[in-house]
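Whatever order the structure lists ligands and atoms in, that order sets their numbers, starting from 1.
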Amino acid sequence: MSFTLPDLTYGFNGLEPHIDARTMEIHHDLHHNGYTNNLNKALEGTDAANSSIEDILANISNHSGAVRNNGGGYYNHCMFWEVMSPNGGGEPTGALAEDITAKFGSFEAFKTEFSAAAATRFGSGWAWLIVDATGNLAVTSTANQDNPVMDIAEVKGTPILCVDVWEHAYYLKYQNRRPEYLTNFFNVINWTEVSKRFEAAK
Ligand code: MN
């Protein structure tokens with residue numbers, strides 16, 4: 001078995017003007033494709049070649065650096081495309097909205113905390129909204145292609161929302177203005193998908 005690059009369910013221009021088409025094309029066809037191919041190469045002939053990506057990540061301390069970087073890159077981007085949508089933005093509803101208010105005080109307060117985690121991640125990495133082992137929401141961030149599913153993560157949990165803060169995710173349109181990219185990211189969040197992941201994680 002090998003991992004395959006998933007198609008986007010929307011066009012490269014689907015997230016315009018918030019995320020530009022050229023960035024989406026390079027990000028999906030070159031970066032995510034590269035992680036996918038390099039993950040398959042790194043797993044070739046190993047015991048984990050038939051494992052799920054979640055199992056590999058949960059035991060990442062037993063794997064090579066190549067599996068850590070490319071397995072994280074494969075998983076993180078699969079999720080990233082799904083938590084964005086051309087019809088995204090607005091605010092969550094239902095149980096997720098209630099939990100966000102209970103945990104952070106308000107949706108705006110959550111937005112501030114999540115954006116700060118993403119803005120202050122030095123260098124390359126990701127910010128996450130996770131459901132932790134006790135069923136509580138938490139905001140966290142990871143370096144490089146690490147994620148909260150990995151056994152080596154400082155803060156572990158099931159991710160339900162992520163944002164890529166590698167420069168390749170925003171540099172063409174936003175150059176060094178990461179906070180502006182993050183503000184606009186909120187206009188494309190697919191809260192229906194995030195809620196689905198929240199319900200599954202609870
Ligand atoms: Mn990326």
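Summary: OD2 is the N/O/S atom of Asp164 found nearest to the Mn ion (ligand 1). Taking the N/O/S atoms of His168 in turn, the shortest distance to the Mn ion (ligand 1) belongs to NE2.
Taking the Mn ion (ligand 1) as the corner point, the angle from His27 atom NE2 to His77 atom NE2 is about 90° (rounded to 10 degrees).
Asp146 and Arg68 are joined by a salt bridge, as a carboxylate oxygen and a charged side-chain nitrogen come within less than 4.0 angstrom of each other. With salt bridges taken as basic N to acidic carboxylate O contacts below 4.0 Å, one links Glu82 and Arg197. Lys202 and Asp99 are joined by a salt bridge, as a carboxylate oxygen and a charged side-chain nitrogen come within less than 4.0 angstrom of each other.
Inclusion of His32 in the first shell of the Mn ion (ligand 1) is not supported: no N, O or S atom falls under 2.8 Å.
Seen from the ring of Phe110, Lys103 does not count as a face-on cation partner, given the 6.0 Å and 45° thresholds.
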